[in-house]
Amino acid sequence: MARTSGEKIRVFQVATGNVGAEMIKRIGTHPDLELVGVHCYSPEKVGRDVGEVVGIGPIGVVATGTVEEIIAARPDCVTFHGVWPDFDLYERVLEAGIDIVTTADWITGHHRNLNYPNPTGKPPTEVLQDACLRGGSTFYGTGMNPGLAQILTIVNSGNIADIENVVCIESVDVSCHHSVDTWKNCGFGMPIDDPETLRRLELGTRVFEDGVRLMADCLGMEIDEVAFEPDLGSVTKEEDLGWYRLPPGSLGACYVKYVGKLAGVPKVELHLEWQMTPHTEPHWDIKGGYVTRITGDPCVYSKQRILPKPGTDFTDPTALAAMGMTLTGMPALNAVRSVVEAPPGCITSADLPLRAFAGRFR
């Protein structure tokens, strides 16, 4: 449903967890957006002012708890910030003609199709595409990584001839990402020699294959496999982060590669250099940002380092966590206008204009 650039877009947000709570604050200062409702999964939040739920004081929006209330509000777009997708909610909202932008485990749909089959027997991408066409709506998945990080890499390739290999690297300390469910799902804190740990790490990170496939699509590169190549860091001493515990001998860091290959030759790669504690063996030199390496003519090395806002109070343990949540959620908020103006269907970042990846002045 196309909107003119002068009109605010009516947004109904789903979830007020780590990312969602931060996005409630950010929507309030976003010039494109107007918050018209918030859907919460926790019964104790429903009926309360959302500003009080996220700790910023009343904002005049009361949390609801049913999909019917989302549809009745007739928003232009739902922003979904739950940890995992909610396909029942997605399908009902899309067929009601409401667009969705989500940061929950979806970039191209390839990972979801392969690892989380829909009960109908149809691939999840087909289910959502059908719902979009019934309602004339648009569905888009993004985030920082996978998501915007791959766009940074693609842009860095724009002046290269004869590309041979492209690598996008996330090198970060993840201890500020306070999502217990996320890290349990990835096997952090489990014994390094337990086969289940490696299985969980792969399943928990397989969505990054979508990032490889997105880059390959943008680069016009056919790939015939995406290999999972992990290196695990074993915790060398007891680590209690306050919100997460890492026993000795457990997974506390990793260097994971998702390598897109053609005829066995690495072409497009996404690497995860994650550290929850520096006390692991092996140990990696965390760079605190996103790195692009391109081999071609010429070669490129580019790094985006993420720094806190000047004046950030580092005695506040939530400050760095809030920065991480902002990085995750803002690619969704900034893309909303472009998604609302896009044709119906499931789309990826390859389908959106450059302005979808731009921030906004206050």
Side-chain angles (χ1 to χ4, degrees), residues 1-3 7-30 32-106 118-120 124 127-143 181 325 328-330 332-333 335-337 339-342 344-346:
M1 57 185 85
R3 310 276 292 182
E7 295 178 297
K8 284 205 170 189
I9 295 170
R10 302 174 72 252
V11 168
F12 204 115
Q13 180 173 301
V14 174
T16 56
N18 292 325
V19 177
E22 191 63 31
M23 290 306 99
I24 295 294
K25 306 169 190 176
R26 301 300 183 177
I27 290 173
T29 61
H30 200 291
D32 284 357
L33 309 179
E34 175 191 359
L35 184 68
V36 298
V38 175
H39 174 89
C40 290
Y41 289 100
S42 302
E44 64 271 16
K45 295 180 181 180
V46 174
R48 296 174 57 194
D49 188 287
V50 173
E52 293 180 340
V53 170
V54 302
I56 59 174
I59 61 172
V61 176
V62 175
T64 58
T66 69
V67 177
E68 288 78 10
E69 287 165 300
I70 298 175
I71 295 171
R74 302 303 306 164
D76 301 307
C77 186
V78 161
T79 53
F80 187 97
H81 300 300
V83 177
W84 312 118
D86 183 338
F87 277 90
D88 177 64
L89 182 149
Y90 288 173
E91 187 173 8
R92 294 176 63 189
V93 167
L94 291 169
E95 66 184 5
I98 301 164
D99 300 330
I100 295 177
V101 175
T102 179
T103 55
D105 206 43
W106 185 286
N118 191 274
T120 64
V127 172
L128 296 187
Q129 178 72 7
D130 289 348
C132 286
L133 297 182
R134 290 197 300 272
S137 54
T138 308
F139 180 84
Y140 172 63
T142 187
D181 289 344
M325 299 308 105
T328 299
M330 285 309 300
L333 297 195
V336 164
R337 183 172 295 282
V339 172
V340 168
E341 293 175 350
C346 292

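FYI, side chains are in, hydrogens and waters are out, and symmetry mates aren't considered; it's all heavy atoms of this structure.
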- Over all heavy atoms of both residues, which pair between L94 and T138 is shortest? Give the atoms and the distance, please. CD2-O, 3.7 Å

- Any chance you could measure Q13, atom CD, to H81, atom NE2, to the nearest 0.5 Å? 4.5 Å

- Message: E68: which residues meet the side-chain hydrogen bond (donor to acceptor under 3.5 Å, both in side chains) condition with it, sequence neighbours left out?
- Response: R92

- Grab the two heavy atoms, one from C40 and one from A63, that are nearest each other, plus how far apart they are. SG-CB, 3.7 Å

- Query: R337 and E7: which non-hydrogen atoms are nearest, and at how many Å?
  - Reply: NH2-O, 2.7 Å

- Query: Under the ring pair (Phe, Tyr, Trp, His ring centres under 6.0 Å) test, which residues partner F139, sequence neighbours left out?
  - Reply: Y90, W106

- Item | D86: partners by salt bridge (Lys or Arg N to Asp or Glu O under 4.0 Å), with sequence neighbours left out | none

- Query: Between V93 and F12, is a side chain to side chain contact (heavy atoms under 4.5 Å, CB included) present by the stated rule, with each step listed?
  - Reply: CA-CA 11 Å; V93 167; F12 204 115; over 6 Å; no

- What distance do T328 atom OG1 and M23 atom CE have between them, rounded to the nearest 0.5 Å? 8.0 Å

- Item | side chain to side chain contact (heavy atoms under 4.5 Å, CB included) assessment of V14 paired with I70 | CA-CA 9 Å; V14 174; I70 298 175; 4.1 Å; yes

- Query: Rounded to the nearest 0.5 Å, how far apart are CD1 of I24 and CD1 of I59?
  - Reply: 5.5 Å

- Item | Shortest non-hydrogen contact from A104 toward P85 | O-CG, 3.3 Å

- At what distance, to the nearest 0.5 angstrom, does CD of E22 lie from CE of M325? 8.5 Å

- Pairs meeting criterion ring pair (Phe, Tyr, Trp, His ring centres under 6.0 Å) with involvement of residues 34-70, two or more places apart: H39-Y41

- Residue pairs fulfilling side-chain hydrogen bond (donor to acceptor under 3.5 Å, both in side chains) with at least one residue in residues 42-52, sequence neighbours excluded: T16-K45

- Atom CD1 of I98 and atom SG of C77: how far apart are they, to the nearest 0.5 Å? 9.5 Å

- Query: Taking only residues two or more places apart in sequence, or in another chain, which ones meet E95 in a side-chain hydrogen bond (donor to acceptor under 3.5 Å, both in side chains)?
  - Reply: R134

- Shortest non-hydrogen pair, V61 vs G37, comes out as CG1-CA, 3.7 Å

- Shortest non-hydrogen contact between C132 and P344, atoms and distance: O-CB, 4.2 Å

- Message: Once rounded to the nearest 0.5 Å, what's the spacing between atom CG of D76 and atom CG of D32?
- Response: 11.5 Å

- Message: Test your reading of the model: is there a side-chain donor-acceptor pair from T142 to the backbone of T103, 3.5 Å cut-off?
- Response: no

- Item | R26 (side chain) donor-acceptor with M330 (main chain) under 3.5 angstrom | no

